[in-house]
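I have placed the structure first, in the form of C-alpha cells, so that the comments after it can refer back to it.
Residue numbers start from 1 in every chain, and the chains themselves are labelled A, B, ... in the order their sequence lines are given, proteins ahead of strands. Only this structure's heavy atoms are used, side chains among them; waters, hydrogens and symmetry mates stay out.
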Number of protein chains: 2
Amino acid sequence: MGRPKTPLLSLARMASAALDIVDSDGLDGLSMRRLATVLGVQVASLYNHVKNKDQLLHEISNQIMAQVDVTGFHDGDWRTGVATWARSYRAALRAHPNMVPFLATGPARRETSLARADAVHGGLVAAGWPPRQATLIGASTKYLVIGAAMTSFARGFDDDVQVYVDRYPHLGQAHKLRAHADEIDDEAFELALLSFLDGLERQFTEVREAR
Amino acid sequence: MGRPKTPLLSLARMASAALDIVDSDGLDGLSMRRLATVLGVQVASLYNHVKNKDQLLHEISNQIMAQVDVTGFHDGDWRTGVATWARSYRAALRAHPNMVPFLATGPARRETSLARADAVHGGLVAAGWPPRQATLIGASTKYLVIGAAMTSFARGFDDDVQVYVDRYPHLGQAHKLRAHADEIDDEAFELALLSFLDGLERQFTEVREAR
DNA sequence: ACCTCCAAACGAACACTGTTCGCTAACATA
DNA sequence: TATGTTAGCGAACAGTGTTCGTTTGGAGGT
C-alpha cells in the first residue's frame, strides 16, 4: 500500500480514540489491534506514531492531567489554592475512572504532573508554608484525591441484600449505598478535604506565631 | 503421569508463591506459566486448584486483608479505632505495594474486606456516630489509606537533578526526596490522618450536643 | 528534473499470555 | 471389587504487544 497521500493517523487521533475505548470498555478493553481497527488501519501502523502502548497511555494521562486547575494559588490564599486543586484533580480523574489505575501507578515523571506539582509547591511556599510542610501537604492531598478516585467506596457494595444480611450485622443497609453512590462519594471526599484543611489552618497559625 | 501419591499443589502454596512473584517482579511479572515453573509443575495443573488467575489474586488479597486490625473499636473509643484501623490497613498494603492496584480496584466483595467494613461501621455507630456519618468516615478513611498506599508521593520523583532544574523552579530540591521517601510518606500520611481525626472530633461534639 | 532520504502505511511473524480439552493414574467410597 | 473423583500432564486455541522487512508517497538539495 505504501505511504498514503494524506496521513491516516496522528498522535492526537490515536490518543482520543484510545481514551474512548478505555472509557467504555476499561483498561483491559484497549488493545493495539482493536485501536487499529477503530482507526481503520493495521496494527503495525500505530507504531509509526507511538513507541509503546505505555507511551500511548502516558499521552492520554497528560491530556487528563491538563484539566487540573492550579490557578487557585494566584492570589496567595493557600486554602482556596489547595481546595480548587484537589477538587479539579478529583473531577479530572472521575471523568475517566478507568484510567485512574494507570494514572495513579508509577512515578509522576509526566510533564503535566510535574508542572502541577511545581505550581502547588510554589503556591504553598509563597503563602508562607515552610518547604517541608508544603511537601507534606502536597503529598497528603494527592493521597486523598487518588484514593477517592480509585475507590468509589459506595459502588463497592452489592445491590443484593442477601450478601449482607445475617453475615454482617452492621451492613444491613449497605445495599442501598449504590443508589446514592455518587452522593456519598462526594460527601465523603468533601468531609475529608475540609477537615484536613481545618487541621492545616490550625497548624498554619502556629507556624506564623512562631516567627 | 497421572495423579501423584502426595499432592504437589495446594491453594495455600500457590497463593504464597504467587505473592512472592508479585512482590519481587510486580503484578505483570506474575504469569500462570511462571508460577507453574516455580512450583515445579505444568500450567494446566494450576487450574485444578483455582478457577481463574483472578481468583488466585483474590485469594492473595484475602490473605493480605486479614492483617488489618479492627480491634481498636472494642473499648468504644472511635478515635483509636479509626486510627489503628487506618494504620494497620496502610501497613498491610505497604508490605505488598505491587498488589495495591489490584486490591484497590473493583468492588469490595471479598470476604475479609466485608468483615472489616462491618466491624468499622459497627464500631463507629456503637461509639455514638449516626449511621450516615459512620459511612462517610469509613469511606474517607479508606480513600486516604488507598491513596497513600497507591502513590508513594516521594518515590515518584527522580533522583536526577537535571529533570527539575530550570524547568520547574519550585522543585529544585525534589531529587532529594527519594532519599527520605519512606520518612516523608509516613509523615504525610500521619498529617492527613491526624488532622482528619481532629476535624471529626469537632464534628462529634456537635453531634453529641445536638441530642 | 533527478536523486536521496524520511515518513507512514502494510503483511507476516515471534514470543508470550490465560484458558480449555482429552488423557492418565491414584485415591476415596460404596 | 467397581465407580467416581482428584490431580497431575501435553497439546492446542485465541488473543496479546512488538518487530521486521517492504512498499510507496512526499520533501529537500544539487
Side-chain angles (χ1 to χ4, degrees), chain A residues 1-62 98-99 101-103 105-106 110, chain B residues 1-62 98-99 101-103 105-106 110:
Chain A
M1 171 184 185
R3 185 179 183 176
K5 315 194 173 185
T6 70
L8 304 179
L9 293 176
S10 76
L11 193 67
R13 226 167 78 77
M14 284 175 55
S16 164
L19 182 53
D20 284 348
I21 295 178
V22 171
D23 280 343
S24 58
D25 284 19
L27 213 48
D28 292 341
L30 174 67
S31 79
M32 297 304 268
R33 279 175 174 83
R34 180 167 172 200
L35 177 59
T37 306
V38 166
L39 293 170
V41 120
Q42 294 301 107
V43 207
S45 311
L46 301 177
Y47 289 85
N48 286 321
H49 301 261
V50 164
K51 189 179 160 249
N52 258 344
K53 183 182 182 180
D54 222 56
Q55 195 192 96
L56 177 63
L57 290 172
H58 279 294
E59 191 65 33
I60 300 173
S61 303
N62 273 327
N98 295 336
M99 277 297 296
F102 180 85
L103 275 156
T105 341
R110 278 182 292 268
Chain B
M1 169 183 184
R3 187 178 185 179
K5 315 193 174 186
T6 70
L8 304 180
L9 293 175
S10 76
L11 193 65
R13 227 168 76 76
M14 283 176 56
S16 164
L19 182 53
D20 284 348
I21 295 178
V22 171
D23 280 343
S24 57
D25 284 18
L27 213 48
D28 291 342
L30 175 66
S31 79
M32 297 304 267
R33 278 175 175 82
R34 181 167 172 200
L35 176 60
T37 306
V38 166
L39 293 169
V41 119
Q42 294 301 107
V43 208
S45 309
L46 301 178
Y47 289 85
N48 286 321
H49 302 260
V50 165
K51 188 179 160 247
N52 258 344
K53 183 182 182 180
D54 221 57
Q55 195 193 97
L56 177 63
L57 290 172
H58 279 295
E59 192 64 33
I60 299 174
S61 303
N62 273 326
N98 295 336
M99 278 297 296
F102 181 85
L103 275 156
T105 339
R110 277 181 292 268

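Proximity of B:Ser45 to the phosphate of D:dA7: no side-chain N or O atom is located under 4.0 Å from OP1 or OP2. B:Asn52 has a side-chain polar atom (N or O) that falls below the 4.0 Å cut-off from OP1 or OP2 of C:dT19.
Rounded to an integer number of Å, the gap from CG of B:Asn48 to P of C:dG22 is 15 Å. Note: CG (B:Asp54) to C1' (C:dT19) measures 13 Å, nearest angstrom. Atom-to-atom, NZ of B:Lys51 to C1' of C:dT20 comes out at 13 Å; the value is rounded to the nearest Å. Atom CG in B:Leu9 sits about 12 Å away from atom C1' in D:dT6, given to the nearest Å. B:Leu56 has its CG atom 12 Å from the C1' atom of C:dG18, to the nearest Å. Atom CG in B:Leu46 sits roughly 13 Å away from atom P in C:dT20 (whole-Å rounding). Rounded to whole angstrom, the span from the CE atom of A:Met32 across to the P atom of C:dC14 amounts to 21 Å. Distance CD (A:Gln42) to C1' (D:dG17): 15 Å, rounded to an integer number of Å.
Positionally, the nearest nucleotide of DNA chain D for B:Arg3 lies more toward the 5' end than for the other of B:Arg3 and A:Lys5. Residue-to-nucleotide proximity on DNA chain C shows that, of B:Ser31 and A:His49, the 5′-proximal contact is made by A:His49. Nearer the 5' end of DNA chain C, as judged by each residue's closest nucleotide, is the contact made by A:Ser10, out of A:Ser10 and B:Tyr47.
Judged purely by atom type and a 3.5 angstrom limit, A:Asn98 uses its side chain to pair as donor or acceptor with the backbone of A:Asp23. Listed for the A:Ser16 side chain is no donor-acceptor partner under 3.5 Å among the backbone atoms of A:Ala12. Checked by atom type and distance alone, the side chain of A:Arg34 pairs as donor or acceptor with a backbone atom of A:Gly29 at under 3.5 Å.
Judged by atom type and distance alone, A:Arg33 reaches the base of D:dG17 through a side-chain donor-acceptor pair under 3.5 Å.
Among the atoms of the strands shown, base atoms are found under 4.0 Å from some heavy atom of B:Val43.
Rounded to the nearest 0.5 Å, atoms CG (A:Leu30) and CG (A:Leu19) are 9.5 Å apart. How far CG of A:Asp54 is from NE2 of A:His58: 4.5 Å, rounded to the nearest 0.5 Å.
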